[in-house]
Amino acid sequence: MPAPFPTDDQSDEPYVPGDFRHPGLSEPRTKEEWREYLDYVLPPRPVLLPLADYEQFDEEERRRHNMARFAHHSALIIVRTSQMKTIHHQIRRRMMTNAFQPAGARRSIVLDGPATLGKSTLVKTFAYDFEHELRRNHPERFDKQYIVEGRVIDYTPVVYVNIPSQATPKDLSVALAQYLAQPYRSGATKSDITRLVLESMRLTGVELVIIDDAHFMDLSLKEGKVVNDHLKYIANHTAATFIYTGVDLKHSGLFLEGTGDSRVTQTSGRNTLLHMTPYSIRTRDEKADWVSVITAMEDALVLYKHRPGTLVGLWEYLYRRTGGNISSLAELIREAAADAVLTGAERIDRNLLASITINEHAQSTFETNWGQMEPTPPPPDNTQTSGQRDRETEAS
């Protein structure tokens, strides 16, 4: 088939520069991707104009403005909750305790909790703060590469590894080597790769190692001892502090290495178990904490007809919808904000929230426990004008 003739806006060149990367972030797998996470700038918050000015926009102006709002609402904000601040403090204290400890196993932290509570976000946020503090205190370390013991290295204080499903001890060493850009020969054994990784970690100044999704490691009865021994070996031979995150880690091989011998005690003695839990609203302080999270998210909205305080007034309903799970809350508010812009409603109210389906766990729990108590939201009346809808809402 002959090639089509180029149009006026097409280049005659067969190859031209391009960059089609997704504008958002993915989980970092290498130190370069980690640095992209550190340098990433959130989409700016658009200015909320007078409504009359917004309504005077032509189609293209409105499209550009709305795209900026979609980007802002998609990123929203990371709310630094009281639970996050408490766990960050405990991690920082552990790192200070480990810093100049004599040679030997440093104490690690295991962050456990149900899925989708934001464990990964919490530890990445801590590591983000930690490395940015190092950049402020030691900017010269990040300016150039160095020659250390005859090798060219670049300073890498943080290692972040997301464990793939059913990972073996060798998979863990390979993931660490790929993160550090540490080459190894084809056919290298687990021991060969691990030795190179440990040497690279020592030379590049690694202080913090995060092993995320640790529940994906193969901790079956047959392989659990081997995986744990490998983790202990790596942790024993580096001065870094290790943080493990995952689901139901208390009952995994990170704590249970065998059946009834001293190995269980040994591992439990090396790790501090911290729990992340959903929000509770049993006490006044707990309710205030939950409301503060909703307030922070509502304050970030850029909607032209949204009445401030509406979501705060729905704090109990939002708790029921999400089970006190901050990730589910953020999902619900992001979806609602997108819908409010797409439909032109420009506000979030209970009917809109009720029309949105979020993750299955939150939905099924809500429908089982509270579904019979919730009125079915009326279908939208597309014959009404936006002004009529506004007046009816004000009257109600």
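Quick note: numbers below take in every heavy atom, side chains included, and nothing from hydrogens, waters or symmetry partners.
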**Report entry** Donor-acceptor under 3.5 Å (Arg106 side chain, Gln101 main chain)
**Finding:** yes
Requested in this report: For the residue pair Asp289 and Thr81, establish whether any side-chain heavy-atom pair is separated by less than 4.5 Å.
Outcome: no
Query - Set of residues satisfying ring pair (Phe, Tyr, Trp, His ring centres under 6.0 Å) with respect to His361, sequence neighbours excluded - result: none
Report task. Write out all pairs satisfying salt bridge (Lys or Arg N to Asp or Glu O under 4.0 Å) with one or both partners inside residues 108-131, taking only residues at least two apart or from two chains. Result -> Glu27-Lys124, Arg80-Asp129
Report task. Verify side-chain contact (heavy atoms from CB on, under 4.5 Å) between Leu122 and Ile87, making sure each step is shown before the conclusion. Result -> CA-CA 8 Å; Leu122 185 149; Ile87 294 176; 3.6 Å; yes
Query raised in the report: With Thr365, which residues qualify under side chain to side chain donor-acceptor pair (under 3.5 Å), at least two apart?
Result: none
**Report entry** Residues in side chain to side chain donor-acceptor pair (under 3.5 Å) contact with Arg62, at least two apart in sequence or another chain
**Finding:** none
**Report entry** Heavy-atom check, side chain of Ile234 versus side chain of Leu176, under 4.5 Å
**Finding:** yes
Query raised in the report: Would you find a donor on one side and an acceptor on the other, under 3.5 Å apart, between the side chain of Asp171 and the backbone of Thr168?
Result: yes
**Report entry** Donor-acceptor pair, side chain of Glu335 and main chain of Leu332, under 3.5 angstrom
**Finding:** no
Report summary line: The reported gap from CD in Glu367 to OG1 in Thr357 (rounded to nearest 0.5 angstrom) is 7.5 Å
Query raised in the report: Does Ser200 use its side chain to pair, donor to acceptor, with the backbone of Val197 at less than 3.5 Å?
Result: no
Query raised in the report: Who passes ring pair (Phe, Tyr, Trp, His ring centres under 6.0 Å) against Tyr179, sequence neighbours left out?
Result: none
Query raised in the report: In the hydrophobic clustering that connects Ile, Leu, Val, Met, Phe, Trp and Tyr at side-chain heavy-atom distances below 4.5 Å, which members other than Ile147 occupy its cluster, ordered by chain and number?
Result: Val152
Query raised in the report: When rounded to the nearest 0.5 angstrom, what distance separates CG in Leu208 from CD1 in Ile91?
Result: 8.0 Å
Query raised in the report: Considering residues, nucleotides and ligands other than Gln56, do more than 12 of their heavy atoms fall under 6.0 Å from its CD?
Result: no
**Report entry** Short side-chain donor-acceptor distance under 3.5 Å, Asn325 and Thr116
**Finding:** yes
**Report entry** Pairing residues for Arg64 by the side chain to side chain donor-acceptor pair (under 3.5 Å) criterion, not counting sequence neighbours
**Finding:** Glu60
Query - Residue of the set Val312, Leu318, Leu311 for which side-chain contact (heavy atoms from CB on, under 4.5 Å) holds with Val291 - result: Val312
Query raised in the report: Does one side chain, of Asn359 or Ser328, offer a donor that lies under 3.5 Å from an acceptor on the other?
Result: yes
Query raised in the report: How about Pro278 and Leu117: do any of their side-chain heavy atoms sit closer than 4.5 Å?
Result: yes
Report task. Looking only at non-hydrogen atoms, find the nearest pair between Ile153 and Leu203 and report the distance. Result -> CD1-O, 3.5 Å
Query raised in the report: Side chains of His230 and Lys170: does their closest heavy-atom pair fall under 4.5 Å?
Result: no
Requested in this report: Output the distance between atom CD (Glu346) and atom CG (Leu303), rounded to the nearest 0.5 Å.
Outcome: 5.5 Å
Report task. Decide yes or no for Leu274 and Val110: does some side-chain heavy atom of the first lie under 4.5 Å from some side-chain heavy atom of the second? Result -> no
**Report entry** Closest contact, heavy atoms only, Gln363 versus Ile358
**Finding:** OE1-N, 3.1 Å
Requested in this report: Taking all heavy atoms of Ile348 and all of Ala336, pick out the closest pair and write down the distance.
Outcome: CD1-CB, 3.7 Å
Query raised in the report: When you look at Leu134 and Glu207, which way does the side-chain contact (heavy atoms from CB on, under 4.5 Å) test go after all the steps?
Result: CA-CA 11 Å; Leu134 286 172; Glu207 296 185 53; 4.1 Å; yes
Query - Donor-acceptor contact present, side-chain Glu33 to main-chain Arg29, <3.5 Å - result: yes
Query raised in the report: Taking only residues at least two apart or on different chains, which pairs with a member in residues 136-163 satisfy ring pair (Phe, Tyr, Trp, His ring centres under 6.0 Å)?
Result: Phe142-Tyr155
Query raised in the report: Between Met84 and Ile78, does a side-chain contact (heavy atoms from CB on, under 4.5 Å) hold up when you go through it step by step?
Result: CA-CA 11 Å; Met84 176 183 285; Ile78 294 176; 4.1 Å; yes
Query raised in the report: Hey, any chance Met96 and Phe100 share a hydrophobic cluster, counting ILVMFWY side chains that come within less than 4.5 Å of each other, even indirectly?
Result: no
Query raised in the report: Looking only at atom types and distance, does a side-chain atom of Thr310 sit under 3.5 Å from a main-chain N or O of Arg307, one as donor and one as acceptor?
Result: yes
**Report entry** Set of side chain to side chain donor-acceptor pair (under 3.5 Å) partners for Arg282, sequence neighbours left out
**Finding:** Ser280
Query raised in the report: Looking just at side-chain N and O atoms, do Thr194 and Ser173 make a donor-acceptor pair shorter than 3.5 Å?
Result: yes
Query raised in the report: Is there a path from Val159 to Val148 through hydrophobic residues (I, L, V, M, F, W, Y) whose side chains come within less than 4.5 Å of each other?
Result: no
Query raised in the report: Less than 4.5 Å apart, any side-chain heavy atom of Arg321 and any of Leu329?
Result: no
Query raised in the report: Which value, rounded to the nearest 0.5 Å, describes the distance between Asn162 atom CG and Ile210 atom CD1?
Result: 11.0 Å
Query raised in the report: Are Arg92 and Phe130 in a cation-pi contact, defined as NZ or CZ under 6.0 Å from the six-membered ring centre and within 45° of the axis?
Result: no
**Report entry** Pairwise distance NZ(Lys85) to OG1(Thr125) - rounded to 0.5 angstrom
**Finding:** 12.5 Å
Query raised in the report: Is there a donor-acceptor pair closer than 3.5 Å between any side-chain N or O of Gln145 and the backbone N or O of Asp154?
Result: no
Using distance only, find each side-chain donor-acceptor pair of residues 70-77 under 3.5 Å and give its atom names and separation, not counting sequence neighbours.
unit_1: His72; atom_1: NE2; unit_2: Ala300; atom_2: O; d: 2.6
unit_1: His73; atom_1: ND1; unit_2: Arg69; atom_2: O; d: 3.3
unit_1: His73; atom_1: NE2; unit_2: Val302; atom_2: N; d: 2.9

Query raised in the report: When you check the side-chain N and O atoms of Thr272 and Arg94, is any donor under 3.5 Å from an acceptor?
Result: yes
Report summary line: Taking every heavy atom of Val123 against every heavy atom of Ile243, the minimum-distance pair comes out as CG1-CG2, 4.0 Å
Report summary line: Residue pairs meeting ring pair (Phe, Tyr, Trp, His ring centres under 6.0 Å), one or both in residues 107-129, sequence neighbours left out, come to Tyr37-Tyr128, His88-Phe126, Tyr128-His132
Query raised in the report: Is the shortest heavy-atom distance from the side chain of Val174 to the side chain of Ile193 under 4.5 Å?
Result: yes
Query raised in the report: Out of curiosity, Leu111 CG to Leu273 CG, how far, rounded to the nearest 0.5 Å?
Result: 8.5 Å
Requested in this report: Using the six-membered ring of Phe366, assess whether NZ or CZ of Arg320 lies under 6.0 Å from its centre and within 45 degrees of the ring axis.
Outcome: no
Requested in this report: Taking Asp192 for its side chain and Thr189 for its backbone only, find out whether a donor-acceptor pair lies under 3.5 Å.
Outcome: yes
Report task. For residues Asp299 and Leu301, determine if any side-chain heavy atom of one lies less than 4.5 Å from a side-chain heavy atom of the other. Result -> no
Requested in this report: Any pair with a residue in residues 290-314 that passes ring pair (Phe, Tyr, Trp, His ring centres under 6.0 Å), sequence neighbours left out, goes on the list, sorted by first then second residue, please.
Outcome: Tyr54-Tyr304, His65-Tyr304, Tyr279-Trp290, Trp290-Tyr319
Report summary line: Scanning both residues in full, the closest heavy-atom pair of Ala235 with Phe242 reads CA-CE1, 3.8 Å
Query raised in the report: Just by distance, do the side chain of Asn98 and the backbone of Arg107 share a donor-acceptor pair under 3.5 Å?
Result: yes
Report task. Provide the closest heavy-atom pair for Lys31 versus Thr156 in the form atom of the first, atom of the second, distance. Result -> CD-OG1, 4.0 Å
